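To keep things clear, I will list the structure first and then write my remarks on it.
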Amino acid sequence: MDLPLDTAEVSRLLIEIGQRLELCGEIPFKARAYYTAAENLLAHTMPLADLVAQGKLREVPGVGESLMEKIVRLHKTGTHPTLDYLREQMPASVLDMLEIPGLGPKKVMLLHYTLHISSVAELEEACKAGRLRDCKGLGGTLQKKILESIEFLRKTKGLSLVHVADERLREAADRLAASRPALRRIVLAGALRRGCELVDGLCLVAEAPAVEGHVAVETRQDVRVYVSDAQHYGVALLHATGNPAHLAGLRARAASRGMRLTEKGLWRGDEELPVADEQALYEALRLPFIEPELREGRGEIELAAKGALPALLCESDIRGILHCHTDFSDGHNTLAEMAEAVRTRGCRYFGVADHSQSAGYAGGLKEDDIREQHRAVGRLNEKYDAAAFRVFKGIESDIRDTGALDYPDALLKEFDFIVASIHSRLNLDKQAQTARILAAVANPHTTILGHISGRLLLQREAYAIDTEEVLKACAKHGVVVEINAHPHRLDLDWRWHARALELGCMLGINPDAHAVTELDLMRWGVAVARKGGVPKERVLNCMDLSAFSQWLAARKRGR
DNA sequence: GCCGTTTTCGGCCCGACTGTTTTCAGTCG
């Protein structure tokens with residue numbers, strides 16, 4: 001670990017201290033102070049190094065004298081006596097058990113101190129042997145649930161969320177560039193380049209002046225690095241990007257045209273064809289360039305051969321950002337800060353959508369809060385040139401288990417748009433959950449259906465719904481289907497995008513940002529939308545300001 | 001451990017669900 005530690009690294013250590021405190025029986029509030037500080041550091045726009053250098057740490061909410069001292073020491077030295085002491089109390093493998101849903105600090109303590117279980121592997125063994133029932137407070141149902149969760153963890157082992165993979169690969173690319181100045185064209189490849197929602201292998205490609213055997217594969221820590229000479233760069237990048245099914249399709253196409261494609265190059269008989277980049281390679285196969293996001297072996301080669309590849313949107317097509325939270329509910333920044341940050345990112349409109357009243361845990365807005373926020377939006381809009389930038393009044397309204405939105409109609413009318421989302425009762429059966437969402441979609445006040453499946457990548461499976469029926473209903477009622485861009489969600493899943501388009505749905509890419517820094521998560525939503533073959537014409541927030549205003553107005557008239 | 005005072009202590013997001021209880025603690029969103 002390189003010193004000094006950055007914001008993300010120190011935040012991780014603060015969370016570790018918090019978890020260890022809880023597992024040592026400390027009061028939960030003390031642990032929460034560490035979690036809050038970690039969260040606020042991450043949400044802060046200023047990097048930790050600057051906060052420390054300028055003595056501004058105390059200005060971060062939740063950082064007092066004691067935490068300031070710990071953060072500075074962690075930043076500078078990579079550890080702290082408190083952390084060292086806590087680490088002596090129990091092995092890190094005990095903390096892994098906290099990852100299992102249903103296991104909090106209290107139950108993990110019980111498992112560790114009473115049943116002497118110190119790791120997920122030991123826990124699995126104990127569950128299979130039925131040993132949890134020996135312990136008062138634990139039972140057979142929990143045992144079954146734990147085994148299911150361990151299976152889920154096993155299935156997702158080795159996968160990373162995109163923003164995590166991106167950060168690690170960028171750091172690896174920087175280290176590579178610094179250690180070998182002769183390298184050129186260093187590119188992040190693999191599943192990350194394909195815009196996948198989860199990344200399996202970390203992979204880089206680079207060009208070197210000369211490489212023995214033309215392409216060499218090196219492994220540096222957990223990153224595979226393909227190094228090729230200039231003549232083989234296209235083939236190296238293609239193979240490092242994948243996926244295997246796409247590559248198999250290309251090899252078959254090469255074979256059908258009297259060529260041979262391998263990891264080492266492209267041949268016609270004994271003659272090797274130069275492929276300095278991917279463009280040249282696809283050209284040699286008489287194909288238009290296939291964007292990396294489409295390379296999944298799902299018929300893209302056939303589409304390319306027919307000249308029927310979809311025109312993909314790109315980040316610069318985004319004109320506005322909707323579904324963001326502010327400090328009116330559980331966001332970290334003010335309405336004005338969020339709006340201004342959206343504007344400085346080149347967008348023309350911002351739609352606030354804080355949590356609604358039934359999301360008490362997230363500080364959901366009561367009627368008075370809504371009135372206050374609407375006045376604030378009004379004042380803000382007076383400040384901006386109406387033709388250049390506008391703030392729209394939205395809300396992320398919880399869908400109750402009845403399918404109703406959680407404000408009366410008279411109040412719902414006051415909003416410019418409404419994102420309807422499920423945050424509770426995730427375990428209804430498929431029929432009931434589908435009926436619940438269908439009711440919300442049929443509600444004339446609903447503008448956008450938020451994170452349709454409720455999945456949390458690497459954490460929680462989607463709830464049971466009939467996606468086809470829900471998409472049909474969205475198309476019928478003109479409800480926009482959200483592509484939630486947050487790396488934990490990326491929901492609607494890209495595998496459904498083509499079907500949603502086919503059914504006539506409009507899509508919307510929303511960051512679900514809880515801080516200014518999270519506005520940049522939009523890129524991951526764009527990546528999966530590209531992967532799903534979504535054109536900009538079908539994305540709500542690719543509309544320019546006037547078209548969007550008119551669309552909202554028409555939608556409101558239709559209520 | 002932080003924070004805001006009813007300002008140096010006392011409260012800290014809070015309601016619902018779940019499982020293991022037999023009236024509630026732990027966990028989650």
Side-chain angles (χ1 to χ4, degrees), chain A residues 13-15 17-41 57-74 80 82-83 86 97-111 114 127 132-146 148-149 325 327-332 354-366 369 396-402 406 421-429 432 450-451 453-456 459-463 484 486 488-489 512 514:
Chain A
L13 294 179
L14 291 174
I15 290 167
I17 294 176
Q19 289 179 327
R20 286 182 178 278
L21 285 172
E22 286 196 276
L23 290 175
C24 287
E26 256 298 353
I27 55 161
F29 298 113
K30 191 184 248 189
R32 189 184 296 166
Y34 283 84
Y35 303 145
T36 306
E39 197 181 316
N40 291 337
L41 276 183
L57 261 182
R58 280 300 304 271
E59 291 175 20
V60 178
V63 177
E65 273 305 316
S66 168
L67 267 166
M68 179 182 70
E69 184 270 331
K70 290 192 174 75
I71 291 168
V72 170
R73 198 143 166 182
L74 288 169
H80 188 279
T82 302
L83 178 58
L86 287 168
M97 290 194 276
L98 290 170
E99 301 298 314
I100 295 170
L103 290 187
K106 293 283 157 58
K107 292 217 168 88
V108 169
M109 276 171 80
L110 211 52
L111 291 165
T114 311
C127 287
L132 262 57
R133 278 192 290 256
D134 301 345
C135 189
K136 193 172 153 66
L138 307 174
T141 311
L142 181 69
Q143 209 161 242
K144 186 164 163 279
K145 203 172 146 195
I146 289 173
E148 283 167 8
S149 301
H325 299 266
D327 60 2
F328 271 86
S329 67
D330 60 349
H332 290 272
D354 271 310
H355 286 286
S356 60
Q357 57 186 355
S358 55
Y361 63 92
L365 275 60
K366 304 270 186 231
D369 304 323
E396 182 178 19
S397 178
D398 264 42
I399 302 173
R400 294 199 223 254
D401 51 6
T402 58
D406 71 347
S421 309
I422 284 182
H423 292 109
S424 59
R425 298 296 302 272
L426 307 181
N427 56 352
L428 294 182
D429 66 45
H451 45 71
S453 87
R455 74 178 181 189
L456 287 178
Q459 282 176 54
R460 185 177 77 203
E461 300 271 21
Y463 39 67
N484 190 297
H486 204 288
H488 285 105
R489 295 191 183 270
D512 205 346
H514 286 69

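Heavy-atom basis, side chains included; hydrogens, waters and symmetry copies ignored. By convention in this document, chain letters (A, B, ...) are assigned in the order of the sequence lines, proteins followed by strands, and residues within each chain are numbered from 1. Since the structure is predicted, the reported quantities are computational estimates derived from the model, not experimental observations.
A:Lys145 comes within contact range of no nucleotide atom at all, as no heavy-atom separation falls under 4.0 Å. Backbone-only contact: A:Asn427 has heavy atoms under 4.0 Å from sugar-phosphate atoms and none from a base. When heavy atoms are screened at a 4.0 angstrom cut-off, A:Pro28 is found touching no nucleic acid atom at all. A:Arg133 comes within 4.0 angstrom of no nucleic acid atom, judged by non-hydrogen atoms across all strands.
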Check nucleotides 3-12 of chain B against the protein and report each pair of N or O atoms closer than 3.5 Å, with its distance, or say if there are none.
| residue | atom | partner | partner atom | Å |
| --- | --- | --- | --- | --- |
| B:dC3 | OP1 | A:Gly62 | N | 2.9 |

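For A:His423, the listed nucleotide lying nearest its side chain is B:dG29; candidates were B:dG29, B:dC17, B:dT27. With distances taken from any side-chain atom of A:Tyr34 to the nucleotides B:dG29, B:dG26, B:dG1, the minimum falls on B:dG1. Among B:dG19, B:dT27, B:dG1, the nucleotide with an atom closest to any side-chain atom of A:Leu67 is B:dG1.
Rounded to whole Å, the separation between the C1' atoms of B:dT8 and B:dG15 comes to 32 Å. Here the separation of B:dG29 from B:dT23, taken at their P atoms, is 29 Å to the nearest Å. Annotation: B:dC3 and B:dC13 have their P atoms spaced 13 Å apart (nearest Å).
Remark: A:Glu26 engages A:Leu21, A:Lys30 in a side-chain contact (heavy atoms from CB on, under 4.5 Å) (not counting sequence neighbours).
Remark: B:dC2 base-pairs with B:dG11. Criterion, Watson-Crick or G-U wobble with two distances under 3.5 Å.
Residue A:Lys144 has no polar side-chain atom (N or O) positioned under 4.0 Å from OP1 or OP2 of B:dG19. Side-chain N/O atoms of A:Arg460 include one lying less than 4.0 angstrom from OP1 or OP2 on B:dG29.
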